[in-house]
Amino acid sequence: MAKPRSQYVCQDCGAVTAKWAGRCEGCGAWNSLVEESVQAAPGGLSGRGKAAGRIQFVDLKSESQPRPRLTCGIAEFDRVTGGGLVPGSAVLVAGDPGIGKSTLLLQVTARMAACGSTCAYISGEESIDQVRLRARRMGLAEAPVQLAAATSVRDMVASLDHPASPEHPGPAVVIVDSVQTLYIDSLESAPGTVSQVRAAAQELIRLAKKRGFALLLVGHVTKEGLIAGPKVLEHMVDTVLTFEGDRGHHFRILRAVKNRFGPTDEIGVFEMTDEGLQEVANPSALFLAERRGNVTGAAVFAGLEGTRPLLVEIQALVSTSPQATPRRAVVGWDSGRLAMVLAVLEARCGLALAGQEVYLNVAGGLRIGEPAADLAVAAALVSAASGQEVPEETVIFGEIGLSGEIRPVSQVDLRLKEAEKLGFTRAWIAPRRKQAKGKATAAAGAGMRVEEIAHLQDLVARLAAPESDGRSGGDSGNRRQQAYEKAR
Ligand code: TYD
Ligand code: MG
């Protein structure tokens with residue numbers, strides 16, 4: 001028998017080459033090619049004389065009601081999935097190792113099981129005792145979850161692939177933790193390689209569609225933030241949720257990055273405690289809780305994550321650099337966007353920042369993607385450079401254009417309402433869109449001093465010349481503190 005041919009598969013992007021190389025030509029990753037044996041090459045249709053079956057076409061219109069979504073009662077999770085899990089769908093939950101994926105899914109499973117759905121939790125990483133121990137610690141030891149420790153996909157398919165009958169309703173939800181531990185015995189490569197992960201996921205997803213259970217796959221991400229092994233996995237599943245957070249902080253954020261059955265901009269905020277993950281119903285209060293008043297280089301951004309307003313503090317530090325190329329470091333925001341804001345400040349407002357080191361940080365470990373944060377970032381930078389504080393009770397939002405103009409942002413009302421609720425009394429915002437103007441002033445921000453900023457120079461002027469007014473005193477700081485306490 002001829003020796004099986006080998007090929008080299010990039011574990012990051014899935015690109016295939018015939019020869020080994022130190023660097024993948026597809027994605028540029030170093031040392032990511034792994035040898036795998038070539039499976040039988042697929043022949044064209046003309047080759048074999050196999051009889052073809054007929055596909056049945058049906059009407060789009062249907063009388064039968066779709067099966068209801070499965071909710072778990074953890075509001076932060078249900079919202080991110082778009083209102084619950086869809087029967088027969090596949091969800092990938094991706095995140096760094098140790099971030100809390102197993103913890104989250106065990107809690108979700110336990111809650112769903114408690115609501116009456118049959119739930120199966122298959123762990124390939126932990127033994128049954130370990131899962132039990134964890135469940136006991138989180139007070140979920142009594143939940144009617146079906147538990148198994150397995151890694152062979154053949155075994156899983158054989159066990160789950162029987163039609164549901166009234167006596168034996170198949171599981172409605174199946175959790176597989178994690179996809180990197182799965183293996184299919186017909187493939188030669190090791191568990192965790194692209195071909196194994198892809199084939200295993202494919203088998204399980206096919207089964208989920210056939211049997212109508214919701215499949216939740218856990219996937220670890222690599223240090224570059226890619227879903228380990230296959231980007232391809234993202235195309236195969238219906239929903240991709242990422243679970244992120246800073247190990248140094250106890251906040252965890254669940255984000256939908258792809259969702260065939262719901263919006264992709266929603267986030268769920270959790271706090272990791274000794275008893276597992278707790279929902280955070282009011283994240284703004286949490287993200288602002290560690291804020292100190294009267295510091296230069298800090299500005300509060302009234303942002304929007306999905307349908308929910310979220311207030312976060314943006315911190316900046318500007319210092320003279322001993323190096324020829326000053327350092328620019330960003331945590332929680334896009335570095336390209338920072339370069340743009342710095343360039344606009346320099347070119348349109350005459351601020352000399354080119355020779356300075358610039359550090360920017362979004363407090364609390366959150367990642368912001370909205371362009372509306374531009375103005376708050378600029379305010380933090382200008383304040384850090386000028387040494388003039390942003391008035392303490394002020395929220396800021398607006399997008400910056402290349403000529404320095406401030407462009408309107410969406411959902412002004414929602415942002416102002418959240419700020420008002422948390423005790424902020426002043427807002428520096430982008431000019432409102434014409435038609436929204438009358439409505440917005442009546443609805444939101446009525447108790448606030450709302451100032452529209454038309455150009456970045458206006459902002460620089462405000463932070464250069466201290467303004468004395470009766471409203472910014474210790475009194476409002478107290479009021480804000482009380483509002484936090486109430487909101488939490
Ligand atoms: P885990 O869910 O095992 O992470 P993953 O499945 O994403 O690899 O979470 C592990 C971390 O969570 C670990 O560092 C301990 C912490 N943790 C708590 O702080 N409290 C808890 O109740 C649990 C179960 C875990
Ligand atoms: Mg785990």
Side-chain angles (χ1 to χ4, degrees), residues 72-74 76-77 80-81 90-114 119-143 145-151 153 156 173-183 191-192 196-197 200-201 204 215-230 233-234 237 239-257 267-280 286 364-365 367:
C72 66
I74 301 177
E76 299 289 306
F77 183 85
V80 176
T81 54
V91 180
L92 175 69
V93 180
D96 286 332
I99 205 73
K101 301 180 293 298
S102 306
T103 309
L104 174 72
L105 290 183
L106 191 60
Q107 282 179 262
V108 167
T109 327
R111 291 285 288 268
M112 279 193 175
C119 297
Y121 186 100
I122 305 174
S123 178
E125 294 188 344
E126 290 161 288
S127 69
I128 292 192
D129 282 341
Q130 283 173 319
V131 180
R132 281 190 181 142
L133 204 68
R134 185 199 296 253
R136 194 163 311 146
R137 220 176 69 205
M138 297 189 294
L140 303 172
E142 301 300 317
V145 174
Q146 299 292 305
L147 209 58
T151 52
V153 177
M156 285 178 204
V173 181
V174 175
I175 317 278
V176 178
D177 184 4
S178 68
V179 72
Q180 273 91 16
T181 58
L182 299 180
Y183 84 97
Q196 282 284 2
V197 166
L204 291 173
L215 174 69
L216 287 150
L217 293 169
V218 174
H220 295 294
V221 297
T222 57
K223 55 188 181 308
E224 289 84 21
L226 292 170
I227 293 168
L233 213 53
E234 286 192 29
V237 296
T239 303
V240 179
L241 307 178
T242 59
F243 201 42
E244 37 191 78
D246 194 346
R247 290 274 186 90
H249 290 95
H250 42 270
F251 315 122
R252 299 285 181 271
I253 290 157
L254 187 70
R255 200 186 282 277
V257 292
I267 65 165
V269 184
F270 296 89
E271 189 175 0
M272 183 60 99
T273 67
D274 288 342
E275 282 111 46
L277 291 154
Q278 302 289 330
E279 292 181 70
V280 176
L286 195 70
R367 248 204 92 76

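Indexing begins at 1, ligand by ligand and atom by atom, following the structure's order. Since the model is a prediction, treat every value here as computed from it, not as a measurement.
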Heavy-atom pair of closest approach, residues A110 and A143: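 Minimum heavy-atom contact is CB-CB, 3.6 Å.
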V221 to A94 - nearest heavy-atom pair and separation: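 That would be CG1-CB, 3.9 Å.
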For ligand 1, which atoms, with element, lie under 4.0 Å from some heavy atom of [X]?
X    : answer
G276 : 21 (C), 22 (O)
R134 : 1 (P), 2 (O), 3 (O), 24 (C)
T103 : 1 (P), 2 (O), 9 (O), 24 (C), 25 (C)
G100 : 1 (P), 2 (O), 4 (O), 5 (P), 7 (O), 9 (O)

Just need the protein heavy atom nearest to [atom], so name the residue and atom and give the distance.
atom                    : answer
atom 23 (C) of ligand 1 : R137 NH2, 3.2 Å
atom 6 (O) of ligand 1  : S102 OG, 2.6 Å
atom 16 (C) of ligand 1 : M272 CE, 3.9 Å

Near the Mg ion (ligand 2) (under 2.8 Å) - protein N, O or S atoms: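 The answer, once waters are left aside, is S102 OG.
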Distance-only N or O hit between ligand 1 and H220, under 3.5 Å: no
Heteroatom distance test (G98, ligand 1): nitrogen or oxygen, under 3.5 angstrom: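 In this structure, G98 places an N or O atom under 3.5 Å from an N or O of ligand 1.
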For [X], which part has a heavy atom under 4.0 Å from ligand 1: side chain, backbone, both, or neither?
X    : answer
E125 : neither
V218 : neither
K101 : both
D96  : backbone
T273 : backbone

Heavy-atom protein contact below 4.0 Å for atom 10 (C) of ligand 1: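 So far as the 4.0 Å threshold goes, atom 10 (C) of ligand 1 is in reach of a protein heavy atom.
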Would you indicate whether the side-chain heavy atoms of [Y] and [X] approach each other to under 4.5 Å?
X    : Y    : result
V269 : E76  : yes
T239 : T81  : no
L204 : L182 : yes

Mark yes or no for whether [X], through its side chain, and [Y], through its backbone, hold a donor-acceptor pair below 3.5 Å.
X    : Y    : result
Q278 : T273 : no
E126 : V131 : no
R252 : M272 : no

Return the [atom1] to [atom2] distance between [X] and [Y], rounded to the nearest 0.5 Å.
X    : Y    : atom1 : atom2 : value
K101 : I175 : NZ    : CD1   : 13.5 Å
L105 : F77  : CG    : CZ    : 6.0 Å
M138 : Q107 : CE    : CD    : 5.0 Å
E279 : L254 : CD    : CG    : 11.5 Å
L106 : R134 : CG    : CZ    : 7.0 Å

Any P97 heavy atom less than 4.0 Å from ligand 1: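 It does; at least one heavy atom falls under 4.0 Å.
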Proximity flag L277 to ligand 1, non-hydrogen atoms under 4.0 Å: no
Polar contact flag, side-chain donor to acceptor under 3.5 angstrom, T181-E125: no
